[in-house]
Amino acid sequence: MNEGDRVTPIFPKWTNQIPTMVAVGAPIALVSVVLFIWYFFSPKWTDVGYTPKQPVAFSHQLHAGQMGMDCRYCHSTVERAAFAAIPPTETCMGCHSMVQAKSPRLQLVRESYQSGKPIEWVKVHMLPEHAHFNHSIHVSSGVNCASCHGRIDQMKVVGQTQPLSMGWCLDCHRNPTPNLVPKDQVTNLAYDPAKEGYVPEKDPHRQRGVNPPQHCSGCHY
Ligand code: HEC
Ligand code: HEC
Ligand code: HEC
Ligand code: HEC
Ligand code: HEC
């Protein structure tokens, strides 16, 4: 930019119209933001089937399925917090300092343990910033992990099985009962409440009914 460009006065006359422009512009801007969010967050993160390659070939089918490890052994905060923790390398090394201690498939795990740098797992399920999700309320109400994540215990590589879209959340919130299981079965992914004839209202371990939010501010704030 050179000196000659700076000829406009500091407050030209058109600035008188700024209030009108804001009044007209704000809704347009809002709609653009919504469309922007829609465009950017829908295709990538809500895609069913999204199965990124992970740095270590960790298999849920082996650990959670065949070996029968409980989800909470590794995802230890899922009942208490919004976020379901991804286990630190120490959790793996509790076994793998002995089991398969020389396997090349665990090379990265050993390196991470020695350096103290966490393994860079690729996130699979992801909501946009403007939508709030909390694991603890769902898990403590008896919604099985499988309702939202599918049969993780049968997956060699984790992939997304549900759309995680707003319509999907609301479908369950309008009628949660068929998705409820006894609270001690939330990590038993094979548990089918219909087959077991489970009736939440008759469960003596439930002190209250569930009432998931359907109003906007329940999930957006
Ligand atoms: C031995 C530890 C361990 C156990 C047991 C385990 N997980 Fe995981 N889980 C991991 C690790 C490590 C990752 C990250 C790498 C990956 O995605 O495979 C992960 C990733 C996940 C993800 C994807 C997270 C994301 O990025 O969106 C879900 C969902 C999940 N686990 C659910 C479960 C469920 C359900 C169970 C029980 C049936 C379970 N896990 C048992 C270690 C474990
Ligand atoms: C409770 C013990 C235990 C824990 C905790 C555990 N594993 Fe394993 N893991 C095993 C066993 C047992 C095997 C099967 C070994 C075999 O096939 O000989 C195995 C196999 C593996 C293999 C395949 C190794 C090969 O060469 O075939 C990988 C990779 C692996 N585990 C990664 C992990 C990661 C990553 C974690 C932490 C998130 C973890 N494991 C936590 C017990 C464990
Ligand atoms: C009602 C649906 C629902 C249930 C039930 C549920 N999850 Fe999730 N899970 C999600 C959503 C949605 C995300 C993405 C959260 C985000 O990006 O904010 C997620 C993310 C995760 C992650 C990645 C870390 C994180 O918190 O973002 C792990 C690990 C996970 N879930 C494990 C589990 C396990 C284990 C269970 C069962 C004990 C479970 N989930 C039950 C919906 C659910
Ligand atoms: C399979 C059923 C199911 C799905 C899918 C589901 N929810 Fe829920 N949600 C529930 C139940 C059950 C409750 C508990 C209501 C209660 O205890 O009164 C709940 C409660 C909530 C609450 C209230 C938390 C609080 O602190 O009061 C929020 C927020 C919420 N869900 C957000 C979401 C979002 C966001 C999604 C989609 C990403 C989602 N839920 C998907 C069943 C579900
Ligand atoms: C049960 C939780 C929940 C409730 C209630 C809810 N939303 Fe959402 N909303 C979500 C989730 C989750 C997403 C992200 C969906 C995605 O990534 O595809 C979302 C996305 C959006 C978006 C972005 C566009 C899109 O589809 O991605 C807008 C705008 C929006 N919600 C507005 C609203 C309004 C207005 C209400 C009230 C009428 C409302 N939401 C109620 C969970 C909820």
Side-chain angles (χ1 to χ4, degrees), residues 41 44-46 50-113 118-166 168-173 176 179-181 183-191 210 212-213 219:
F41 289 103
K44 186 165 180 195
W45 295 115
T46 69
Y50 177 59
T51 311
K53 193 175 184 302
Q54 299 291 347
V56 176
F58 171 77
S59 165
H60 279 81
Q61 185 205 46
L62 175 68
H63 292 83
Q66 264 164 260
M67 291 168 53
M69 287 177 72
D70 191 275
C71 314
R72 289 164 293 196
Y73 183 95
C74 291
H75 303 295
S76 53
T77 62
V78 76
E79 283 176 306
R80 294 178 271 123
F83 189 74
I86 298 292
T89 305
E90 284 74 19
T91 307
C92 315
M93 287 305 275
C95 290
H96 286 295
S97 55
M98 274 108 58
V99 180
Q100 294 277 13
K102 296 211 161 63
S103 166
R105 290 161 64 119
L106 287 153
Q107 180 66 30
L108 255 174
V109 178
R110 291 190 293 270
E111 279 170 23
S112 157
Y113 188 63
I119 300 167
E120 289 180 12
W121 303 109
V122 183
K123 196 150 171 31
V124 184
H125 305 79
M126 180 93 132
L127 293 179
E129 287 282 320
H130 61 83
H132 293 271
F133 178 79
N134 190 322
H135 272 96
S136 68
I137 184 89
H138 290 91
V139 176
S140 65
S141 303
V143 183
N144 194 297
C145 315
S147 293
C148 304
H149 294 300
R151 290 299 298 270
I152 297 272
D153 59 331
Q154 297 176 348
M155 295 180 195
K156 286 199 172 108
V157 185
V158 176
Q160 187 173 322
T161 63
Q162 303 299 314
L164 309 190
S165 62
M166 182 163 127
W168 173 79
C169 308
L170 284 168
D171 266 353
C172 180
H173 279 203
N179 288 289
L180 300 178
V181 304
K183 291 183 187 178
D184 58 358
Q185 300 294 329
V186 279
T187 59
N188 174 5
L189 275 49
Y191 187 92
V210 296
C219 304

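When a ligand or atom number is given, it counts from 1 through the structure's own listing order. As the structure is a prediction and not an experimental result, all values here were calculated from the model.
With a 4.5 Å cut-off on side-chain heavy atoms, Leu189 and Cys145 count as touching.
Atoms of the protein (N, O or S only) found under 2.8 Å from atom 8 (Fe) of ligand 2 are His63 NE2, His96 NE2.
For Arg110 (side chain) and Ala101 (main-chain N/O), a donor-acceptor pair under 3.5 Å exists by modelled atom type. Using modelled atom types, no side-chain atom of Ser112 and backbone atom of Leu108 make a donor-acceptor pair closer than 3.5 Å. A side-chain donor-acceptor contact under 3.5 Å links Lys123 to the backbone of His125. The main-chain N or O of Asn188 is found under 3.5 Å from a side-chain atom of Asn144 such that the two form a donor-acceptor pair. Here the side chain of Ser76 pairs no donor or acceptor atom with the backbone of Arg72 at under 3.5 angstrom.
With respect to Thr51, the side chain to side chain contact (heavy atoms under 4.5 Å, CB included) criterion is satisfied by exactly one of Val157, Val158, Thr161, Val124: Val157.
Aromatic ring orientation, His135 versus His149: parallel (interplanar angle below 30°, classes split at 30° and 60°).
Heavy-atom minimum distance, Glu129 versus His132: O-NE2, 4.0 Å. In this structure, Pro212 and Val210 approach most closely via the heavy-atom pair CD-C, 3.8 Å.
Heavy-atom proximity to Thr91, at under 4.0 Å, picks out these atoms of ligand 2: 5 (C). Annotation for ligand 2: atoms under 4.0 Å from non-hydrogen atoms of Tyr73 are 5 (C). Those atoms of ligand 1 with a heavy atom of Met69 less than 4.0 angstrom away are 1 (C), 5 (C).
Between Ser103 and ligand 2, at least one N/O pair is under 3.5 Å apart.
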> Between Val78 and His138, does a side chain to side chain contact (heavy atoms under 4.5 Å, CB included) hold up when you go through it step by step?
Replying inline: CA-CA 9 Å; Val78 76; His138 290 91; over 6 Å; no
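At a 4.0 Å cut-off, not a single heavy atom of Met93 sits close enough to ligand 2 to count as contact.
Protein residues having a heavy atom under 4.0 Å from any atom of ligand 3 are Cys71, His75, Val78, Phe83, Ala84, Ile86, Lys123, His125, Met126, Leu127, Phe133, His135, His138, Val139, Val143, Asn144, Cys145, Cys148, His149, Thr187, listed by chain and number.
Aromatic pair Phe58/His63: centroids less than 6.0 angstrom apart.
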